Amino acid sequence: MARANDEMAALLEEYAALFAMTGGDAFRVRSYQKAARSIAGHPDDLRETDIRKIPNVGSAITGKVEEFLRVGTFHQLERLRAQVPEGVRAMTRIPSLGPKKAMALFEDLGIDSPEALAEAIRAGRLKGLRGFGAKTEANLLRGIEQLATAGGRVHIGVAMALAERVMADLPAAGRIAYAGSLRRMKETIGDIDILATGDSATLMGAFTALPYVTEVIASGAAKTSVRTDAGLQIDLRVVPEESFGAAMQYFTGSQAHNIRLREIAVKQGRKLSEYGLFEGSAVIASRTEEDVYEALGLPWVPPPLREDTGEIEAALRGELPVLVTEADIRGDLHTHTDLTDGVASIEEMVAAAAARGYEYYAITDHAPDLAMQRMTLEKALAQRELLPGLEKRHGLRLLHGTELNIAPDGSVDWPAEVLAGFDVTVASVHSHFTQSREEMTRRFIAACENPHVHVIGHPTTRKIGKRQPVDADWDEIFRVCARTGTVLEIDAYPDRNDLPADLVRRARGLGVKFSIDSDSHAVPHLANLRYGVGTAQRGWLTPDDVVNTWPADRLLAYLHGR
DNA sequence: GCCGTTTTCGGCCCGACTGTTTTCAGTCG
């Protein structure tokens, strides 16, 4: 059965939004949001835990959870759902239109969807409505159009490339860095935050003049927001050199993490803002992030952990994990060549891997069951013959592997005696994505129990923005992985980022090991590994959790000793 | 609604920018 936590958290988030729209107390809104985060991040299923022990869940929300566990919803939510049409909530996704204005439009004019709002503006029906002038109307129309076309978030690969391009294109004066969800390595990014020091007029002028900037949304001396031709919003903030650390801390977020830090500051009789930690008007810390955290009594918290899902408590106890880094990775366990669907030769791929400093590198071309790849045992064995020569020329250890196809019944290509000849096998789902939850779960478990399957590749098979993850009982699969020693892959290709970070953290809690692989089909793809490392960090993984940080001998002994 | 080394009641993070405003509300992050 699916974990009840995520569904309950989503209902509480929805309730918080509806509660705010209907004029509910802002502090209670925050309580619902905090409880939603606590429940989503709680390791145990709601059905099997003492609900009252979950932080930020008191007696009232416990009642809502219990009702949800009985009937799948709670009556307070249903009452508000009946009061606020779905389309009115959708209106709050229009930039600059929040709960107050959306409800005013609904109550005064009966406008109940973004489309109805656009019609009303064009028909002049908003004239005279308090708070809606000509500029607001124009902004709303543009926002509605953009909502319909751009659709919001992009995967981290797109956002990182744009952020690095902007930073390179701005006049280099002082410091410049990206913050926000990009620095936290979230898998999708809604907008890009860039911080810089130096002359504001010069920086802002150059920023708004960038050739790919199509619209200036807001501009002041401290902050300028633009939209690019790709539809992505970028905020540039010019901050004083002496408060760069406090600004980085603040603009990296997450908002929930920052609120916790500010609460700690308030308890110390201080005030934390993007300009520093203050005691009265005296600055206690501001120059570096480390200074700010230290002054609050905390070790520096790595950005991927800053989600208020337990990192503050871990930091206070001195128990923050020592996260895996890209430098810890000794080799890549999932890569392709032009023998199947890659575009580079084995020689080019191995040379690039050696240039990255890898100690070992696995070539894992597709196996025969993906018929369009035209793979045969003869081709695979011929490829294996090339490895000793390549090892000598490039000075790294090569592992001969294959990416197997997990059939609907959980079986894979090739009989056991052939599979036994590979150093490493990655088994992945490539088709039949719509099997029932029970069938899909059985399919993965069968693959995990195959002693010749070492790694499960891109486990959920999702493609961000294109394909939903398959439906399976992941906790059950994770337990089987832990029991059989089957490794779960974090596929670093940025439109996959699969396993996702929340599942990584759950699997780690159940004792699973991981590999972080690029799934490269070309030389530049090898560099995507950093996105997989980011996802691993968001899942709280240490080097010991990640098998491809291990020396080759330990890795191979583990894979073949299962 | 939640929470507690000043509190079981009275607090609950902070600032920038916009637009419609003669001093501020709403939105955003």
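It should be emphasised that the depicted structure is a prediction, and the values quoted were computed from it without experimental measurement. Chain identifiers are assigned alphabetically (A, B, ...) following the order of the sequence lines, protein sequences preceding nucleic acid strands; residue numbering begins at 1 within each chain.
For the pair A:Val266 and A:Ser219, both in contact range of DNA chain B, the more 5′-proximal nearest nucleotide belongs to A:Val266.
We find that CG of A:Asn56 is positioned 12 Å from C1' of B:dC12, with the value rounded to whole Å. Atom pair A:Arg260:CZ and B:dC13:C1' shows a separation of 13 Å (rounding to whole Å applied). Following rounding to the nearest Å, A:Met204 (CE) and B:dC17 (C1') show an atom-to-atom distance of 12 Å. Atom CD1 in A:Ile54 sits roughly 11 Å away from atom P in B:dC3 (whole-Å rounding). Atom CD of A:Gln249 and atom P of B:dC13 are 15 Å apart (whole Å). A straight line from CD1 of A:Ile259 to P of B:dG1 spans 19 Å, rounded to a whole angstrom. Per the geometry, CD1 belonging to A:Ile264 stands 13 Å off P belonging to B:dT5, to the nearest Å.
In this structure, the nucleotide among B:dC13, B:dC17, B:dG1 sitting nearest to the side chain of A:Arg30 is B:dC13.
The cationic atom of A:Arg165 (NZ for Lys, CZ for Arg) lies less than 6.0 Å from the six-membered ring centre of A:Tyr212 and within 45° of the ring axis.
Side-chain contact between A:Val239 and A:Thr197 is present, with heavy atoms from C-beta onward closer than 4.5 Å. Looking at A:Val158 and A:Leu162, their side chains never come closer than 4.5 Å, going by heavy atoms from C-beta outward.
Counting non-hydrogen atoms under 4.0 angstrom, A:Lys34 reaches nothing in the nucleic acid. Using a 4.0 Å heavy-atom distance criterion, A:Ala221 is classed as a sugar-phosphate-only contact. A:Ser59 comes within contact range of the sugar-phosphate backbone alone, with a heavy-atom separation under 4.0 Å but no base atom that close. Here A:Leu272 lies in heavy-atom contact (under 4.0 Å) with sugar-phosphate atoms only.
Partners of A:His525 according to the ring-ring contact (aromatic ring centres under 6.0 Å, His included) rule, which considers only residues two or more places apart in sequence or in another chain, are A:Tyr493.
A gap of 13 Å separates the P atoms of B:dA25 and B:dT21, to the nearest Å. Of the P atoms belonging to B:dT22 and B:dG29, the separation is 27 Å, rounded to the nearest Å. For the P atoms, the distance from B:dT6 to B:dG11 is 16 Å, rounded to whole Å. Separating the P atom of B:dC12 from that of B:dT18 is a span of 29 Å, rounded to the nearest Å. Across B:dC2 and B:dT8, the matching C1' atoms stand 12 Å from one another, rounded to whole Å. Spacing of P atoms, B:dG4 relative to B:dC13, comes out at 15 Å, to the nearest Å. For the C1' atoms, the distance linking B:dT20 with B:dG26 amounts to 11 Å, nearest Å.
Residues A:Gln255 and A:Asp308 bring no donor and acceptor atom of their side chains to less than 3.5 Å of each other. Side chain to side chain, A:Asn497 and A:Thr535 meet the donor-acceptor criterion of an N or O pair below 3.5 Å. Residues A:Thr136 and A:Asn139 have side chains that never bring a donor and an acceptor to within less than 3.5 angstrom of each other. A donor and an acceptor atom, one from each side chain of A:Asp498 and A:Thr460, are located under 3.5 Å apart.
For the salt bridge (Lys or Arg N to Asp or Glu O under 4.0 Å) with A:Glu187, the lone residue among A:Arg538, A:Arg462, A:Arg496 that qualifies is A:Arg462.
Taking a 6.0 Å sphere around CD of A:Glu313, one finds it holds more than 12 heavy atoms contributed by other residues, nucleotides or ligands.
Nucleotide B:dG19 forms a Watson-Crick or G-U wobble pair with B:dC24, both donor-acceptor distances falling under 3.5 Å.
Checking the phosphate oxygens (OP1, OP2) of B:dC12, no side-chain nitrogen or oxygen of A:Arg28 falls inside 4.0 Å. Residue A:Asn139 places at least one side-chain N or O closer than 4.0 Å to OP1 or OP2 of B:dG19.
Across all their heavy atoms, A:Ala4 and A:Asp45 have their closest contact at N-OD2, 3.5 Å.
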Can you tabulate the close N/O pairs, meaning under 3.5 Å, that link protein atoms to atoms of nucleotides 6-10 of chain B?
none

Treat primed atoms plus P, OP1 and OP2 as sugar-phosphate and everything else as base, then score nucleotides 20-29 of chain B 5' to 3': B for base contact with protein heavy atoms under 4.0 Å, S for sugar-phosphate contact only, - for none.
S-----SSSB
